[in-house]
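What follows is a single structure, written as structure tokens, with notes after it.
Only this structure's heavy atoms are used, side chains among them; waters, hydrogens and symmetry mates stay out.
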Amino acid sequence: MTSTRVTSVTSVNSPRAADRPRGRRAARLALGTLLAAATAVVALPAAPAQAAPAKVVYLTFDDGPSPRYTPQVLALLAQYGARATFFEIGQNVAAYPEVTSRVHDQGHSVQNHSWSHPDLRTLSKSSFDSQVTSTDARIRARTGTTPSCLRPPYGAVNSAVRSGAARLGKTVQLWSVDPQDWARPGRAAIERRVLDRVTPGAVVLMHDGGGDRSQTVAALPAILRTLKSRGYTFALLPCR
């Protein structure tokens, strides 16, 4: 009987038994590296910081123009580089047209405060229209533009006033800060009431006509200086 000799042949591509544990360890290390890369947290660039809200305040003056007080207000506004919106009474524009021209020529806005300062809620449609359009005509003659904003006297507004203003192409503009300077509470009170209540976007009501406005003029330098030191700028209301 012929005996058959069996020779064990190991493929050159197969790892030897002694090398197999080392190969498994290498495979595990490679897999771990891949998993770590897949789950790594990628650091993204920081989002740009949001710009802080602009510190803008809107100064407004009612009941002018006055030949005595409006020029004093204009001089102080010029001194501090401030602009303001003047809501003027038509009959005062008719009486002192050159003062209205100065307000406009110095870069301020002249807007409508009715012809004779009535409570517009009490008027007929024709009287309402006359109060507004007569004032428009006087202001347009001095500035070349027609006011687009109406401030009803006393801030007296109802649906009829709003609809009447809209009919005549006007936006009703009131205020958010009222130091009640018309009551002449004293310079210090006017200053404190404005400075304590102004926040970005505030609309401040003051007066340059309609009576003795010396306290308002006296309070204005501290108001302008302090607000400017707090980083506020002074803008015109968005009226054409």
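Although no hydrogens or angles enter the test, the distance criterion places a donor-acceptor pair under 3.5 Å between the side chain of Arg230 and the main chain of Leu195. Without hydrogens or angle criteria, Thr135 side chain to Ser114 main chain gives a donor-acceptor distance under 3.5 Å. With hydrogens and angles ignored, the 3.5 Å screen pairs no side-chain donor or acceptor of Ser127 with any backbone N or O of Leu123. Although no hydrogens or angles enter the test, the distance criterion places a donor-acceptor pair under 3.5 Å between the side chain of Lys228 and the main chain of Tyr80. Without hydrogens or angle criteria, Gln131 side chain to Ser116 main chain gives a donor-acceptor distance under 3.5 Å. In this structure, Arg142 contributes its side chain and Pro97 its backbone to a donor-acceptor pair below 3.5 Å. Judged by distance alone, the side chain of Glu88 and the main-chain N or O of Asp62 form no donor-acceptor pair under 3.5 Å.
Applying the salt bridge (charged side-chain N to carboxylate O under 4.0 Å, His left out) test to every pair with at least one member in residues 99-108, sequence neighbours left out, gives no pairs at all.
Interatomic distance, Leu237 CG to Cys149 SG, rounded to the nearest 0.5 Å: 6.5 Å. Once rounded to the nearest 0.5 Å, the distance linking CG of Leu220 with CG of Leu224 reads 4.0 Å. In this structure, CD1 on Ile89 lies 12.0 Å from CZ on Arg151, to the nearest 0.5 angstrom. Taking CG from Leu74 and CD from Gln79, the interatomic distance works out to 13.0 Å, rounded to the nearest 0.5 Å. Expressed to the nearest 0.5 Å, how far CH2 of Trp175 lies from OG1 of Thr85 amounts to 14.0 Å. Summarising the geometry, atom OG1 belonging to Thr60 is positioned 11.5 Å from atom CG belonging to Leu236; distances are rounded to the nearest 0.5 Å.
With a 6.0 Å radius and a threshold of 12 heavy atoms from other residues, nucleotides or ligands, Trp182 has its CH2 atom at or below the threshold. Counted within 6.0 Å of OH on Tyr232, heavy atoms from surrounding residues, nucleotides or ligands total more than 12; the atom is thus considered enclosed. More than 12 heavy atoms of other residues, nucleotides or ligands lie within 6.0 Å of CZ in Arg193, so this atom counts as buried by the packing criterion.
Proximity of Arg162 to Val157: side-chain heavy atoms (C-beta onward) are separated by under 4.5 Å at one or more points. Here the side chains of Pro152 and Val172 are in contact, with some heavy-atom distance below 4.5 Å. Looking only at side-chain heavy atoms (C-beta outward), Thr143 and Ser101 stay at 4.5 Å or farther from each other. Using a 4.5 Å cut-off on side-chain heavy atoms (C-beta onward), Asp129 and Arg167 make contact. Side-chain contact between Thr171 and Cys239: absent, with no pair of heavy atoms (C-beta onward) separated by less than 4.5 Å. Here the side chains of His108 and Phe61 are not in contact, with every heavy-atom distance at 4.5 Å or above. The shortest distance between side-chain heavy atoms of Leu77 and Phe234 does not fall below 4.5 Å. Residues Lys170 and Asp136 are in side-chain contact: their nearest non-hydrogen atoms beyond the backbone lie under 4.5 Å apart.
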For side-chain contact (heavy atoms from CB on, under 4.5 Å), just list the numbers for Val217 and Val73, CA-CA rounded to whole Å, side-chain angles, deciding distance to a tenth of an Å, and then say yes or no.
CA-CA 6 Å; Val217 171; Val73 170; 4.1 Å; yes
Taking it one step at a time, do Ile190 and Ile223 satisfy side-chain contact (heavy atoms from CB on, under 4.5 Å)?
CA-CA 9 Å; Ile190 297 170; Ile223 291 170; 4.3 Å; yes
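Counting all heavy atoms, side chain and backbone alike, Lys55 lies closest to Gly231 at CB-O, 3.6 Å. Smallest separation of non-hydrogen atoms from Phe87 and Leu150: CE2-C, 4.3 Å. Nearest heavy atom pair, residue Gly186 against residue Gln215, reads N-OE1, 2.7 Å. Considering all non-hydrogen atoms of both residues, Gly164 and Phe128 come closest at C-CE2, 3.5 Å. Nearest heavy-atom pair, Ser66 versus Val99, reported as atom, atom and distance to 0.1 Å: O-CG1, 4.0 Å. What you find for Val161 and Ala156 is that their closest heavy atoms are CG2-O, 4.1 Å.
Side-chain contact, Ser229 with Thr226: no donor N or O sits under 3.5 Å from an acceptor N or O.
A continuous path of Ile, Leu, Val, Met, Phe, Trp and Tyr side chains, each step under 4.5 Å between heavy atoms, connects Leu174 with Val56, placing both in one hydrophobic cluster. Each of Val93 and Tyr96 belongs to its own hydrophobic cluster when Ile, Leu, Val, Met, Phe, Trp and Tyr are linked at side-chain heavy-atom distances under 4.5 angstrom.
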Just distance, no hydrogens or angles: give the donor-acceptor pairs under 3.5 Å from side chains in residues 197-212, sequence neighbours left out.
from: Arg197; atom 1: NH1; to: Asp178; atom 2: O; distance (Å): 3.1
from: His207; atom 1: ND1; to: Asp181; atom 2: OD1; distance (Å): 2.8
from: Asp208; atom 1: OD1; to: Gly64; atom 2: N; distance (Å): 3.4
from: Asp208; atom 1: OD2; to: Thr70; atom 2: OG1; distance (Å): 2.7
from: Asp212; atom 1: OD1; to: Tyr69; atom 2: OH; distance (Å): 3.1
from: Asp212; atom 1: OD1; to: Ser214; atom 2: N; distance (Å): 2.9
from: Asp212; atom 1: OD1; to: Ser214; atom 2: OG; distance (Å): 2.8

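Contacts of Glu191 classified as side chain to side chain donor-acceptor pair (under 3.5 Å), with partners at least two apart in sequence or in another chain: Arg187.
For His113 and His117, the ring centers sit closer than 6.0 Å to each other.
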